[in-house]
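One structure is given here, and the rest of the page talks about it.
Order of appearance sets the numbers: ligands from 1, and atoms from 1 within every ligand. As the structure is a prediction and not an experimental result, all values here were calculated from the model. Numbering starts at 1 and runs along the sequence shown.
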Amino acid sequence: MTNILILGAGYTGIAAAIRVATRTRRHGGKVTLVSAAPRFTERLRLHQTAAGERLDDHAIADIISGTGIDLVLGRVTALDPARHEVIVDGGRVIGYDKLIYALGTVTDLSTPGVAEHAYVYDDHDQAVRLAHRLGELDRGTVVVAGGGLTGVESATELAEAHPNLRVVLLSRGRPGSMMGDKARAYVDKAMARLGIQVRCGADVVKVLPDAVELSDGELVDSDATLWTAGTRGLPLAAEAGLTVDGQDRIVVDSALRSVSHPDVYAVGDAAAVRQPYGVMHGTCQGGIPTGLHAADALADGLLGRRVKALRFGYVHQPLSLGREDAVIQFTHPDDTPRRWYLTGRWAIAYKETVSSSPMPTYRLLKRGLVPVGLFRLTAGLK
Ligand SMILES: Cc1cc2nc3c(=O)[nH]c(=O)nc-3n(C[C@H](O)[C@H](O)[C@H](O)COP(=O)(O)OP(=O)(O)OC[C@H]3O[C@@H](n4cnc5c(N)ncnc54)[C@H](O)[C@@H]3O)c2cc1C
């Protein structure tokens, strides 16, 4: 019997848990999944929650039913890799032989005032809090800090859902700067259509209860500030002595084992995964393949098979622009933009079918199958 413990029931933790359970159940694998909440949080739809939309409700117990995985509800509060133990809710001790760490990331709170005054996307409840706040406002200003894909998706979603509010997007660089020129121009047009005021070159140094302060001292009024400008790993891994990078993500080898503690695998946003083009950045697109790869590496190791190195290449940057528009920038494996992009209803349909719900993937995984698209992603560099 090998006790395999998975921490975190987000996109990657569930994928890893189902995959490792199906691969090891006939070979003595006993899989336990620790989840902070009984419901699955669709993190990549939290901007929809913030805009007041009610999403489908998925119980984690239902998602993993029939797999033999034990579900433990609780919050991981400490790891002890020397003893091969994890502490849940400050007291319950769970032992393991192999661990898959999939706890994602949290908002980087290092800018003064973010912790006290900004809304963030760390969990479902926080997005709901923002939705409530916006529902209270008849008029006023919502500031979205951060011009990455999450900031743009949020600004457009909130502007569309609340035409009575002024939405200001504050960005150091040009919003959506990773996209190609044409796709980015499309994004600019969509934001202008929705009346979003975009401020490039804006460096927020402080969040106040009713404003944000820029580095030149200017105050931008704000009735609600959403912070999307950076995430980092939980402090748990560093506190336990695992090697982490500058963003507290666990540094892993090519099989996704911690370089300091090889019985610990790390996947998804929580892992610093190096590829020939650099360290992967946090997406479901890359995260789910890392979860599956770690599960396969773990199973192959237990079965005495050769463990392969992960090779991952990006294919797209999917971006919703409210519920009525979207743009998909297709990319080279290193995430630089190709010439092709999709817009409008084709882009909406693409995003909804290809990149927005992991449930069909989980159903296939339960049957021992890996979706063809995921095979391609992990073979994207070939
Ligand atoms: C608004 C928004 C839009 C996005 N859009 C896209 C997109 O279009 N495409 C894309 O590919 N990516 C997108 N992303 C990024 C994507 O959501 C993340 O890359 C993805 O969620 C990473 O999956 P994960 O499993 O590593 O982490 P998560 O999905 O964050 O899962 C981590 C899990 O660990 C749990 N957890 C955390 N701490 C503890 C603890 N102490 N104890 C127990 N459990 C704990 C959390 O509750 C959560 O369930 C978006 C993100 C946001 C915020």
Side-chain angles (χ1 to χ4, degrees), residues 5-17 33-51 58 60 63 71-79 86-90 92 94 100-107 119-127 130 144 146 148-158 226-231 233-237 239 249-250 266-271 273 280-291 294 314-321 326-329 331 335 347 350-352 354-358 377:
L5 183 60
I6 289 107
L7 306 183
Y11 291 91
T12 65
I14 291 181
L33 173 65
V34 180
S35 175
R39 329 294 312 172
F40 177 68
T41 297
E42 288 200 72
R43 190 179 168 95
L44 69 72
R45 290 184 187 271
L46 285 181
H47 54 302
Q48 293 172 239
T49 305
H58 302 286
I60 290 164
I63 299 172
L71 179 62
V72 171
L73 292 180
R75 190 158 276 280
V76 179
T77 46
L79 314 179
V86 165
I87 314 297
V88 174
D89 288 336
R92 180 170 177 185
I94 306 180
I100 300 182
Y101 183 106
L103 293 177
T105 51
V106 287
T107 304
Y119 294 87
V120 296
Y121 280 144
D122 287 351
D123 58 37
H124 175 260
D125 289 351
Q126 298 186 44
L130 175 56
V144 177
L149 300 187
T150 303
V152 174
E153 288 200 323
S154 301
T156 49
E157 200 80 37
L158 299 181
L226 170 66
W227 192 262
T228 70
T231 57
L234 296 169
L236 288 174
E239 285 165 6
R249 296 176 300 182
I250 297 175
V267 300
D269 286 8
V273 181
M280 287 169 63
H281 61 89
T283 59
C284 284
Q285 183 188 176
I288 291 180
T290 64
Y314 298 92
V315 290
H316 59 208
Q317 295 161 358
L319 185 70
S320 63
L321 299 165
V327 57
I328 312 292
Q329 171 68 66
T331 66
D335 209 31
Y350 181 97
K351 185 155 166 65
E352 282 306 306
V354 178
S355 70
S356 264
S357 174
L377 283 176

Checking a contact table here: which protein heavy atom is nearest [atom], and how many Å away?
atom	answer
atom 27 (O) of ligand 1	Gly104 CA, 3.6 Å
atom 52 (C) of ligand 1	Arg43 O, 3.6 Å
atom 8 (O) of ligand 1	Lys351 NZ, 2.8 Å
atom 18 (C) of ligand 1	Asp269 OD2, 3.3 Å
atom 35 (C) of ligand 1	Gly8 CA, 4.2 Å
atom 10 (C) of ligand 1	Cys284 N, 3.4 Å
atom 24 (P) of ligand 1	Thr12 OG1, 3.6 Å

Checking side-chain polar atoms at under 3.5 Å, does [X] have a donor or acceptor matched by the opposite partner on [Y]?
X	Y	result
Tyr350	His316	yes
Asp335	His281	yes
Ser154	Tyr121	yes

Taking the six-membered ring where the residue is Trp, are the ring centres of His124 and Phe40 under 6.0 Å apart? no

At under 4.0 Å between heavy atoms, is it the side chain or the backbone of Thr105 that contacts ligand 1, or both, or neither? neither

What do we get for Ala9 next to ligand 1 when only non-hydrogen atoms under 4.0 Å count, side chain, backbone, both or neither? backbone

Answer yes or no for [X]: is there a heavy-atom contact with ligand 1 below 4.0 Å?
X	result
Gly74	yes
Thr41	no
Asp123	no
Ala37	no
Gly287	no

Would you check if [X] and [Y] make a side-chain contact, meaning some heavy-atom pair closer than 4.5 Å?
X	Y	answer
Val86	Leu7	yes
Leu236	Val76	yes
Thr283	Leu44	no

Is [X] in polar range of ligand 1, meaning some N or O pair under 3.5 Å apart?
X	answer
Tyr11	yes
Ser154	no
Thr283	yes
His47	no
Arg45	no

With heavy-atom distances below 4.0 Å as the criterion, list the atoms of ligand 1 near [X].
X	result
Gly10	25 (O), 29 (O), 31 (O), 33 (C), 49 (O)
Gly282	19 (O)
Ala102	32 (C), 33 (C), 34 (O)
Gly268	26 (O)
Leu234	38 (N)

To the nearest 0.5 angstrom, please state how far the NE2 atom of His47 sits from the OG1 atom of Thr156. 7.0 Å

Main-chain N/O of [Y] paired with [X] side-chain donor or acceptor, under 3.5 Å:
X	Y	result
Tyr11	Ser357	no
Thr77	Gly90	yes
Asp122	Thr107	yes
Thr290	Gly268	yes
Ser35	Pro38	no
Gln329	Pro318	no

Protein heavy atoms near atom 46 (C) of ligand 1, is at least one of them under 4.0 angstrom away? no

Name of the residue among Val72, Ile63, Ile60 meeting side chain to side chain contact (heavy atoms under 4.5 Å, CB included) with Leu33: Ile60

Would you mind finding which of Val76, Leu103, Asp89 brings a heavy atom closest to atom 41 (N) of ligand 1? Val76

Candidates Leu44, Thr290, Val120, Thr231; heavy atom nearest atom 9 (N) of ligand 1 found on Leu44

Taking Lys351 first and then Glu153, would you say they form a salt bridge - that is, a charged N and a carboxylate O separated by under 4.0 Å? yes

